[in-house]
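Below, all heavy atoms of this structure are taken into account, side chains as well, without hydrogens, waters or symmetry copies.
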Amino acid sequence: MLPYSVQRQDFAFEHAIIGMAIVSIDGEVLQVNSALCELLGCSKQELMDGALKATNIGGILEVIRHKAGDFQLMPSQVTALQVGMKYEHPAGRNLDLKLHFSASAEAQSPFRHCLVQFENLTPVYELQEQLTQKEMKLVEKEEGFLQLLEELPLSALITKYGMIQYANQATLRLLHASNVSDVLGISTDVVVDPSSHHKLARRRTRYAEYREIGPVTYLIRCFDGQQKIVSGITLVTTYRGEKAALSIFKDITEQKMEEDRIMQSEKLTTAGQLAAGIAHEIRNPLTSINGFIKLLRSSEQSNKLYFDIIESELKRMELIVNELLVLSKPETSHVSKPFDVLGIVEQIVTLMKVQAALNNIEIIPRFPAEPVYVHGEANQLKQVFINLLRNAMEAMDQGGTITLTIQQSDSDVHIIVQDDGIGMTPEQIRSLGQPFYTTKDSGTGLGYMITKNIIHNHGGSIHVESSPEQGTSFTIQLPAL
């Protein structure tokens, strides 16, 4: 009969989820539960009668016998120990086990026994191994990624909270740094010129709110005091196990200088062409004035016709100069604000109707019932509509109709000025907007150039459709509010 302490192993012992066995001090297996049999892959009888001592079970039984013999307990004393071991399961897999021994002695009985609990650490060790392998792979990937950055001809920076954690060789060359230690640990505020600090702050705010960083262009200060312009993009990445920002930059200093040189060259070319046109346009009236002055000097009596011609040519020169002044006005000299374009156009139609009637021309408005709002400078757009209506009237020497249409969509406003005048050829349409090109007998060609410039400054566009003797249609597109 089993001792009392062994008899106490009841339902809880049998149905425990951890494998357990009760053994005597000399190592004899007295009782095992089902969880242990399932863990070791054998039956209760095979464990208890020692029939498997020559197998893998034998190793466990030997450990149990040896450790159980180590208990030398006095009455009422309790002691415990642990031992780890490898076990090859009959199914062919290896298990990592930890055996927990505890023993007690009853006060009224010299018989002592051990409780052995089998803890299966295999899943823990396997998980640790998987984590170790993943960490090694991540380290390998990161090292390979950093090696790729080192070979990159563009500058690469990795930052955390605005502090530089990594910089490749291209970055050292860009900043004229002698060693990577000169760069690591410093703030990007030190590298970026103070004039671009607002861009840094704006990007940090955008990332905090929307988790977006995106492209940017900075003015930076090199370690030798030189300034450069860089353009690049920043992405969120992971560095040394923590979230970081990877920035790739390109030095565009030379590119910007070249663009500025090209722009300056284009400005000089345009200025030269404009100057040549101005000289040509003003030379003609000056020649006329000079000739008639000589005639007046040689004439004994005053000739009113000569004075009228001189006055006409002087007015022509004044017109040229005034239109050039309008063309040269900076955009900042006007204040933009929302306004009803329908009201502006109605004023222009009222203003032009009398002149149109004198020339046997009817202006037909086709306007929506509701106000149409755009953002801009009202007086500038008035000049645009006056120019287009005046051009339309001058194109109809035999009279006719001008249809003025305003249409609005979700994003755009279209103002269409359509006449049934003499029209234009495709070549004439392509030449519109060039300084001093005009299809009229008297004109500078600057009016349409001014019109295009104003519409462009308002974020819009103008489109021309025309055919000879079929009239002309100018369509202005402006962003709607």
Side-chain angles (χ1 to χ4, degrees), residues 198 202 263 266-267 270 274 319-356 363-395 402-419 429-438 443-466 472-481:
H198 67 284
R202 189 162 59 243
M263 187 175 297
E266 290 177 348
K267 287 181 179 179
T270 302
L274 191 59
L319 174 64
I320 293 171
V321 172
N322 286 340
E323 289 191 326
L324 286 171
L325 288 175
V326 171
L327 191 61
S328 66
K329 284 182 181 178
E331 301 172 31
T332 53
S333 62
H334 303 281
V335 178
S336 294
K337 60 182 180 181
F339 66 91
D340 178 15
V341 70
L342 184 58
I344 296 297
V345 175
E346 286 176 339
Q347 292 178 15
I348 302 303
V349 171
T350 302
L351 178 67
M352 303 290 288
K353 266 188 175 181
V354 175
Q355 183 180 349
I363 300 177
I364 302 175
R366 293 179 178 173
F367 301 158
E370 300 296 326
V372 178
Y373 288 94
V374 299
H375 193 278
E377 210 287 317
N379 288 328
Q380 283 191 346
L381 289 178
K382 278 184 181 180
Q383 183 177 355
V384 167
F385 303 139
I386 289 173
N387 286 348
L388 293 179
L389 284 173
R390 182 181 291 130
N391 288 342
M393 287 191 291
E394 292 175 352
I402 299 173
T403 304
L404 187 55
T405 307
I406 298 179
Q407 300 172 341
Q408 182 175 11
S409 64
D410 293 338
S411 58
D412 297 312
V413 174
H414 292 88
I415 302 101
I416 305 168
V417 180
Q418 185 172 3
D419 64 62
I429 294 175
R430 285 193 293 269
S431 299
L432 283 178
Q434 296 180 7
F436 305 109
Y437 175 82
T438 179
T444 64
L446 296 175
Y448 186 70
M449 190 175 181
I450 293 169
T451 296
K452 284 186 66 177
N453 192 41
I454 292 173
I455 294 172
H456 174 75
N457 292 340
H458 281 73
S461 62
I462 184 167
H463 179 68
V464 185
E465 291 183 359
S466 184
T472 302
S473 174
F474 287 89
T475 301
I476 299 171
Q477 174 267 322
L478 294 171
L481 289 183

Evaluate the side-chain proximity of [Y] to [X]: yes if any heavy-atom separation is below 4.5 Å, no if none is.
{"X": "Thr451", "Y": "Phe474", "answer": "no"}
{"X": "Thr405", "Y": "Gln418", "answer": "no"}
{"X": "Val341", "Y": "Tyr373", "answer": "no"}

Show the nearest heavy-atom pair for residues [X] and [Y], with the distance to one decimal.
{"X": "Leu342", "Y": "Pro371", "value": "CD2-CA, 4.4 Å"}
{"X": "Met352", "Y": "Arg390", "value": "CE-N, 4.0 Å"}
{"X": "Leu478", "Y": "Gly460", "value": "CD2-CA, 4.2 Å"}

Could you list the donor-acceptor pairs under 3.5 angstrom formed between side-chain atoms of residues 406-413 and any protein atom two or more places apart in sequence or on another chain?
{"from": "Ser409", "atom 1": "OG", "to": "Asp412", "atom 2": "N", "distance (Å)": "3.2"}
{"from": "Ser409", "atom 1": "OG", "to": "Asp412", "atom 2": "O", "distance (Å)": "3.3"}
{"from": "Asp412", "atom 1": "OD1", "to": "Gln477", "atom 2": "NE2", "distance (Å)": "2.9"}

Separation of [Y] [atom2] from [X] [atom1] (nearest 0.5 Å):
{"X": "Asn387", "Y": "Ile454", "atom1": "CG", "atom2": "CD1", "value": "7.0 Å"}
{"X": "Asn457", "Y": "Lys452", "atom1": "CG", "atom2": "NZ", "value": "12.5 Å"}
{"X": "Leu388", "Y": "Ile455", "atom1": "CG", "atom2": "CD1", "value": "6.5 Å"}
{"X": "Ile363", "Y": "Ile402", "atom1": "CD1", "atom2": "CD1", "value": "5.0 Å"}
{"X": "His463", "Y": "Ile416", "atom1": "NE2", "atom2": "CD1", "value": "10.5 Å"}

**Study point:** Any donor-acceptor pair under 3.5 Å from His458 side chain to Glu377 backbone
**Key:**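 Pair found, side chain donor or acceptor close to backbone of Glu377.
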Check your understanding: Can you tell me if Asp419 uses its side chain to pair, donor with acceptor, with the backbone of Thr472 under 3.5 Å?
Key ->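 Yes.
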Review point. Among pairs that include at least one residue of residues 339-350, which meet side chain to side chain donor-acceptor pair (under 3.5 Å), considering only residues two or more places apart or in two chains?
Key: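 For residues 339-350, and leaving out neighbouring residues, the side chain to side chain donor-acceptor pair (under 3.5 Å) pairs sorted by first residue read Gln347-Lys382.
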Review point. When Phe385 is tested against each of Ile476, Leu404, Val417 for side-chain contact (heavy atoms from CB on, under 4.5 Å), which residue passes?
Key: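 Output: one option passes, namely Ile476.
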